[in-house]
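Encoded as structure tokens, the structure appears first; notes follow it.
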2 protein chains.
Amino acid sequence: MKLTSKGRYAVMALVDLARFNNINPVSLRDISLRQGISLDYLEQIFSKLRKKEIVQSVRGTQGGYILNKKTKEIKLTNIFDAVDEKVKTVQCKKESKKGCNGKLTKCLTHNLWDELENHINNFFEQKTLEDLVKDNSEKRI
Amino acid sequence: MKLTSKGRYAVMALVDLARFNNINPVSLRDISLRQGISLDYLEQIFSKLRKKEIVQSVRGTQGGYILNKKTKEIKLTNIFDAVDEKVKTVQCKKESKKGCNGKLTKCLTHNLWDELENHINNFFEQKTLEDLVKDNSEKRI
DNA sequence: AAGATACTTGACTATTTTAGTCAGGTTTAT
DNA sequence: ATAAACCTGACTAAAATAGTCAAGTATCTT
């Protein structure tokens, strides 16, 4: 069970962006250098973040990205959603209401995995970008 | 972020085993049929469970596996440990005490991933096989 | 107007992980 | 003896991941 780089990078990049997001937009190049993430990969990620209106882009020289909402209003859930980082614990599809894997009843551990999924999603639901920025406010880079 | 089949199967199989574990050992063939898990794959999984002393094997005809501990004493943590299902949220290795990715400080989101890891592990630490068996005691198969 | 910077998009690909399969055993109850 | 069931290690196909690459477009600065 592991977090993918895409989700991790998205959060890292947004924290970085939030910290340097004063007046001017922050370029992906800077984030790439500071966080050690491939520029091309960042572009993919920010394309998705933009579509979900988490960031706004500013084109041209001195361009870059700015946050589209207050840090308090950006939950981890939103970020992961945007980049398709999903929490998957079960194989059985939810559509088939009758049971799992073609059987008539739920698989023995179905409730467990549902619980686990909720447990993890709760965590993501409660954390906001603001929390993360605060958490780092005393550190040096 | 997803749970692998190995971990899921291990838990499913052990719940199955726990329910049918009266006097006689339960054969993998039966578990395989009931749970729809490949026999060969189950053998790999049970080999690991045996090494970690979660189950005991009985060879020969009428053989199979029995639990080596009380259901109350088997935590999800133990099961996942045995089959190498790990919760990984960070890339940065823990050994390098100074920081992440060769830098001098922790990466901006390091604490977050640590928290997340703990959050998930807590869940696994608290659930026992007993809980799962009880949860299913009224269901039909 | 030119040039540089930086966003934009889509296609492509190497690597790794996962989820098994397969083959050839060994042990033991009947 | 033989069949059921455990045991082990090597192998492999498919999927997912983590990028790279190429060819743009927009806009600021000079």
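Of the two residues contacting DNA chain D, namely A:Asp40 and B:Ser47, the nearest-nucleotide position lying further toward the 5' end is that of B:Ser47. Nucleotides of DNA chain C nearest to A:Gln62 and B:Leu39 differ in position, and the one nearer the 5' end is that of A:Gln62. Residues B:Glu43 and A:Glu43 each lie close to DNA chain C; by heavy-atom proximity, the contact nearer the 5' end of the strand is made by A:Glu43. Residues B:Arg59 and A:Lys2 each lie close to DNA chain D; by heavy-atom proximity, the contact nearer the 5' end of the strand is made by B:Arg59.
Residue A:Ser57 places at least one side-chain N or O closer than 4.0 Å to OP1 or OP2 of C:dT8. Phosphate contact (OP1/OP2 of C:dT18, side-chain N/O of B:Thr4, threshold under 4.0 Å): absent. Contact annotation: B:Ser27 does not reach the phosphate of D:dC6 (side-chain N/O to OP1 or OP2, under 4.0 Å).
Residue contacts for B:Tyr65: at a heavy-atom cut-off of 4.0 Å it reaches the sugar-phosphate backbone alone, with no base atom in range.
Here the P atom of nucleotide C:dA14 and the OH atom of A:Tyr41 are 17 Å apart, to the nearest Å. Here D:dA4 presents its P atom at 17 Å from CG of B:Asn24, a figure rounded to the nearest Å. Atom NZ in B:Lys6 sits roughly 13 Å away from atom P in C:dT21 (whole-Å rounding). Whole-Å rounding puts the A:Asp30 CG to C:dC7 C1' distance at 14 Å. If you measure from atom CE of A:Met1 to atom P of D:dT17, you get 13 Å, rounded to the nearest angstrom. Between B:Leu17 atom CG and D:dC6 atom P the separation is 11 Å, expressed in whole Å. As rounded to whole Å, 17 Å separates atom P of D:dA16 from atom CG of A:Leu3. Atom P of nucleotide D:dT20 and atom CD1 of A:Ile45 are separated by 11 Å, given to the nearest angstrom.
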Task: Check against salt bridge (Lys or Arg N to Asp or Glu O under 4.0 Å), A:Glu125 and A:Lys75 - done: CA-CA 6 Å; A:Glu125 187 68 25; A:Lys75 299 177 197 166; 2.6 Å; yes
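Ring-plane geometry between B:Phe80 and B:Phe124 is classed as perpendicular, the angle between the planes exceeding 60 degrees on a 0 to 90 degree scale with a lower cut at 30.
In the hydrophobic clustering of this structure, A:Phe123 groups with B:Val87; members are Ile, Leu, Val, Met, Phe, Trp, Tyr whose side-chain heavy atoms approach within less than 4.5 Å, directly or through other members. Neither B:Phe46 nor B:Val58 shares a network with the other; the hydrophobic side chains, linked directly or stepwise wherever heavy atoms of I, L, V, M, F, W or Y lie under 4.5 Å apart, form separate groups for each.
Ionic pairing of A:Asp84 and A:Lys48 is present here: one or more N-O contacts between side-chain nitrogen and carboxylate oxygen are shorter than 4.0 angstrom.
A donor-acceptor contact under 3.5 Å links the side chain of B:Gln44 to the base of C:dT21.
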